[in-house]
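All remarks here apply to the structure that follows.
Along the sequence shown, the residues carry numbers beginning at 1.
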Amino acid sequence: MPYLFCYFTGNEPQEESVHFAVSANGIHFNALNNNEKIITQTLGKRCCRDPFIFRDEENRFHILATDMCCHDGWSSNNSMVFWDSDDLIHWENERIIDFTQFPETKNADRVWAPQAIFDKYKNEYMLYWSNHNKDDGLDTIIWYAYTKDFINLTTPPAVLFEPKCKLSAIDADIIEAGGKYYLYEADGGKDGICYAVSDRPDGPYFEPENNKVSVADTALEGNCIYLLENTDKYIMIADQFKKGGYFAQITDDLVNFKRLDDFKINHIKPRHGSMLIVTEEEYNRLINAFK
C-alpha cells in the first residue's frame with residue numbers, strides 16, 4: 001500500500017507549513033508540489049509545525065498542527081490549528097483551538113505536536129499533545145482531552161503521561177497493537193525516544209525501567225511509528241533535530257529496534273511529521289494534483 005508523509009520543513013516562517021511526500025512502499029519518499037506548502041494558513045500565527053494527518057472513522061481526513069512561529073520563542077504558543085478534507089487535495093474548515101480558554105490550561109505557553117486516536121471504549125477521539133503551563137510546576141509533558149468534532153472538547157484538558165524522571169516528555173505518538181497501546185515520546189531524562197504501555201488509550205501508562213527504544217547516536221524527537229503493510233514490521237522515523245535529517249529504525253515487537261538504512265526521503269529535509277496509509281486511488285490522485 002502507498003503512504004503519504006505530512007511534515008514541515010524548518011524554523012523559518014515560510015518553512016512552518018504543511019508539506020506532502022508520497023511513497024509506494026513506505027521506505028522511499030518523494031516530495032509533492034515541488035516541496036512547496038500544500039496549505040496556506042490564514043488564522044492564528046499563520047505558521048504551523050508538527051502536522052499530524054489521519055483518517056477518521058467516517059473516512060474523512062484531518063490535519064492537526066502546532067499553531068506556532070518559532071521566531072516568537074519556544075514558549076510562545078497556546079493553540080492548535082485544524083483542517084478537514086474529503087479527498088486529501090482540498091483542505092477546508094480551518095480553525096483554531098486556543099487552550100487558554102480552559103481553566104486547566106489558562107496559562108499554557110507551549111501547546112505542541114497535537115495528535116489524535118479513536119477511543120473505541122468511549123466512541124470519541126482522544127486528542128493528545130505536549131503541554132506546558134507557566135504556573136503548575138510541571139515540565140512539558142503529555143496532556144489529553146476528548147472530542148467528537150475537533151471543534152469542542154467533551155472533557156477538560158488533563159495530564160496523560162509524565163515520565164518517572166519528572167522531566168519533559170514531548171512529541172507523543174500512540175499506536176495500538178495486540179490489544180495494547182504503545183506511547184512513544186522524546187524523553188528529557190534519557191535523551192532519546194522511550195515508550196510506555198497501557199491497556200487503554202487514556203492510560204494509565206506503565207513505564208518499563210529499560211524503555212529507551214531509539215538506537216541513533218544522536219538525540220531524536222518528532223517520532224512517528226507506522227506499520228509496514230503486509231508485514232509484521234513497524235518503522236519508526238524521527239527528527240535528528242541537532243544534526244539535521246531523519247533517522248529510521250525498524251521493529252517486529254514494538255520494543256526492540258534496529259537501524260533502517262534503506263529509508264530515504266529524496267531531495268527534501270523534513271521536520272517532525274506523520275504518516276498515513278493511503279489507497280492506490282488516493283495515491284494517484286495526490287500525484288496528479290500535486291505534480
Quiz item: Hey, are His28 and Asn266 close enough side-chain-wise for a donor-acceptor pair under 3.5 Å?
Solution: no
Quiz item: Ser79 side chain to Ile96 main-chain N or O, any donor-acceptor pair under 3.5 Å?
Solution: no
Quiz item: Looking at OH of Tyr246 and CD1 of Ile268, how far apart are the two atoms once the value is rounded to the nearest 0.5 Å?
Solution: 9.5 Å
Practice problem: Using modelled atom types only, decide if a donor and an acceptor are shared between the side chain of Thr9 and the backbone of Pro270 within a distance under 3.5 Å. | Solution: no
Self-check item: Test item: Asn34 side-chain N/O and Glu36 main-chain N/O as donor-acceptor pair under 3.5 Å
Solution: no
Quiz item: For Tyr7 and Ala21, which heavy atoms make the closest approach, and how far apart are they?
Solution: CE2-N, 3.6 Å
Quiz item: Sub-3.5 Å donor-acceptor pair from the side chain of Tyr205 to the main-chain atoms of Pro201, do we have one?
Solution: yes
Quiz item: Of the options Phe61, Tyr283, Phe290, which is the one that meets Leu88 in a side-chain contact (heavy atoms from CB on, under 4.5 Å)?
Solution: Phe61
Practice problem: Would you kindly say whether Tyr146 and Asp119 are connected by a side-chain donor-acceptor distance under 3.5 Å? | Solution: yes
Going by atom type alone, with no hydrogens or angles, which donor-acceptor pairs under 3.5 Å involve a side-chain atom of residues 219-229 and a protein atom two or more places apart or on another chain?
{"unit_1": "Asn223", "atom_1": "ND2", "unit_2": "Tyr184", "atom_2": "O", "d": "3.2"}
{"unit_1": "Tyr226", "atom_1": "OH", "unit_2": "Gly26", "atom_2": "O", "d": "2.7"}

Quiz item: So does Asp199 pair up with Lys180, basic N to acidic O under 4.0 Å?
Solution: yes
Quiz item: Between Asp67 and Gln41, does any side-chain donor sit less than 3.5 Å from a side-chain acceptor?
Solution: yes
Practice problem: Look at the rings of Trp74 and Trp112 and say which category their plane angle falls in: under 30° parallel, 30 to 60° tilted, over 60° perpendicular. | Solution: perpendicular
Exercise. May I ask you to decide if the ring planes of Phe29 and Tyr3 are parallel, tilted or perpendicular, using 30° and 60° as cut-offs?
Key: perpendicular
Quiz prompt | salt_bridge(Asp261, Arg259) N-O dist < 4.0 Å | solution = yes
Practice problem: Only one of Ile63, Thr42, Thr40 passes side-chain contact (heavy atoms from CB on, under 4.5 Å) with Glu94; say which it is. | Solution: Thr42
Practice problem: Would you check if there is a donor-acceptor pair between the side chains of Asn152 and Asp149 at a distance under 3.5 Å? | Solution: yes
Quiz item: Is the shortest heavy-atom distance from the side chain of Val81 to the side chain of Leu43 under 4.5 Å?
Solution: no
Quiz item: Is the side chain of Glu15 donor-acceptor paired with the backbone N or O of Asn11 at a distance under 3.5 Å, no angle test?
Solution: yes
Practice problem: Describe, in one word, how the ring planes of Phe150 and Phe82 are oriented to each other, choosing from parallel (under 30°), tilted (30 to 60°) and perpendicular (over 60°). | Solution: tilted
Quiz item: Are Arg200 and Tyr121 in a cation-pi setup, meaning NZ or CZ lies under 6.0 angstrom from the ring centre and within 45 degrees of the ring axis?
Solution: yes
Quiz item: Do the rings of Phe20 and Trp91 sit parallel, tilted or perpendicular, given the 30° and 60° boundaries?
Solution: perpendicular
Quiz item: Just by distance, with hydrogens left out, do Gln249 and Ser214 show a side-chain donor and acceptor under 3.5 Å apart?
Solution: no
Quiz item: Counting N and O atoms only, with roles assigned by atom type, does the side chain of Asn211 sit under 3.5 Å from a partner on the main chain of Glu207, one being a donor and the other an acceptor?
Solution: no
Quiz item: Would you call Asp84-Arg95 a salt bridge at under 4.0 Å N-O?
Solution: yes
Practice problem: Measure from the side-chain N and O atoms of Arg60 to the backbone N and O of Arg55, and report whether any donor-acceptor pair falls under 3.5 Å. | Solution: no
Quiz item: Are the charged groups of Asp187 and Lys212 less than 4.0 angstrom apart, N to O?
Solution: no
Quiz item: Charged N to carboxylate O below 4.0 Å: is that the case for Lys166 and Asp139?
Solution: no
Practice problem: Dump the intermediate steps for side-chain hydrogen bond (donor to acceptor under 3.5 Å, both in side chains) on Gln115 and Asp173, then the final yes or no. | Solution: CA-CA 7 Å; Gln115 297 198 183; Asp173 186 33; 2.8 Å; yes
Quiz item: Going by distance alone, is a donor N or O of one side chain under 3.5 Å from an acceptor N or O of the other, for Asn131 and Asn133?
Solution: yes
Practice problem: Could you tell me whether Glu12 and Arg49 make a salt bridge, using a distance below 4.0 angstrom between a side-chain N and a carboxylate O? | Solution: no
Quiz prompt | Cationic N near anionic O, under 4.0 Å, Asp50 to Arg271 | solution = no
Quiz item: In chain order, what residues pass the salt bridge (Lys or Arg N to Asp or Glu O under 4.0 Å) check against Arg46, with sequence neighbours excluded?
Solution: none
